[in-house]
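Below: one structure in structure tokens.
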Amino acid sequence: MKMTDRTEMKAQLEEMLKELQERAGRIEARLNAPGNPDWEDHTTEHEDDEVLAGIGDLANDEIQQIKAALRRIESGIYGVCSSCNKPIPRARLSVLPYTSTCVSCGG
């Protein structure tokens, strides 16, 4: 992968990371907010919180994947499949810039 491509992907990943960290922070703040004293409203909020916690978990997983991709960029192995060591096609990286595997190895 060319240096200019890596630079562009790094900028894209850093922007994605920033947005996800902000989203995860808002989710965490919402989950840590005091509950409604009305038990019926509290029950509804609790159900919503379970869904929100799941979304937060997904965001945190994606944050970790992005950080790993940024480390791969820094180490010079970004764009190389971690399973077969073949180049990951640019089209795949455009769709899933933090992937560490090619389609054949990662699905």
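No experiment lies behind these values; they were computed from the predicted model shown.
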- Message: Under 3.5 Å, is there a donor on one side chain and an acceptor on the other for R72 and S100?
- Response: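 Distance-only check fails for R72 and S100.
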- Message: Rounded at 0.5 Å granularity, tell me how far CZ in R92 sits from OG1 in T99.
- Response: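 So the CZ of R92 and the OG1 of T99 are separated by 3.5 Å.
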- Task: Using a 4.5 Å cut-off on heavy atoms from C-beta on, say whether the side chain of C102 contacts that of K86.
- Result: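 When only atoms from C-beta onward are counted, C102 and K86 do not touch, as no gap falls below 4.5 Å.
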- Query: If you measure from OG on S94 to CD on Q12, what distance do you get to the nearest 0.5 Å?
  - Reply: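 Result: 7.5 Å between the selected atoms.
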- Message: Testing the basics here: between G79 and L93, what is the closest heavy-atom pair and its distance to 0.1 Å?
- Response: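 G79 and L93 have their closest heavy atoms at CA-CD1, 3.9 Å.
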- Task: Using a 4.5 Å cut-off on heavy atoms from C-beta on, say whether the side chain of I88 contacts that of T101.
- Result: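 No - every pair of side-chain heavy atoms lies 4.5 Å or more apart.
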- Message: Using the rule that Ile, Leu, Val, Met, Phe, Trp and Tyr join whenever any side-chain heavy atoms are under 4.5 Å apart, tell me whether L96 and L17 fall into a single cluster.
- Response: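 Looking at the clustering, L17 is in the same group as L96.
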- Find out whether E15 and E19 are in side-chain contact, i.e. whether some heavy atom of one side chain is under 4.5 Å from a heavy atom of the other.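 They are in side-chain contact.
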- Can you tell me how far the NZ atom of K10 sits from the OG1 atom of T7, to the nearest 0.5 Å?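 Rounded to the nearest 0.5 Å, the NZ-OG1 separation comes out at 8.0 Å.
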- Do M16 and I73 share a hydrophobic cluster (ILVMFWY, side-chain heavy atoms under 4.5 Å, transitive)?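 Same cluster: M16 reaches I73 through Ile, Leu, Val, Met, Phe, Trp or Tyr contacts under 4.5 Å.
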- Task: Apply side chain to side chain contact (heavy atoms under 4.5 Å, CB included) to the pair K18 and E22, showing each step before the final yes or no.
- Result: CA-CA 6 Å; K18 179 183 171 189; E22 289 172 0; 3.4 Å; yes
List the atom pairs, donor and acceptor, that lie under 3.5 Å between side-chain atoms in residues 54-70 and the rest of the protein, sequence neighbours left out.
from	atom 1	to	atom 2	distance (Å)
N60	ND2	G56	O	3.2
E62	OE2	Y98	OH	3.2

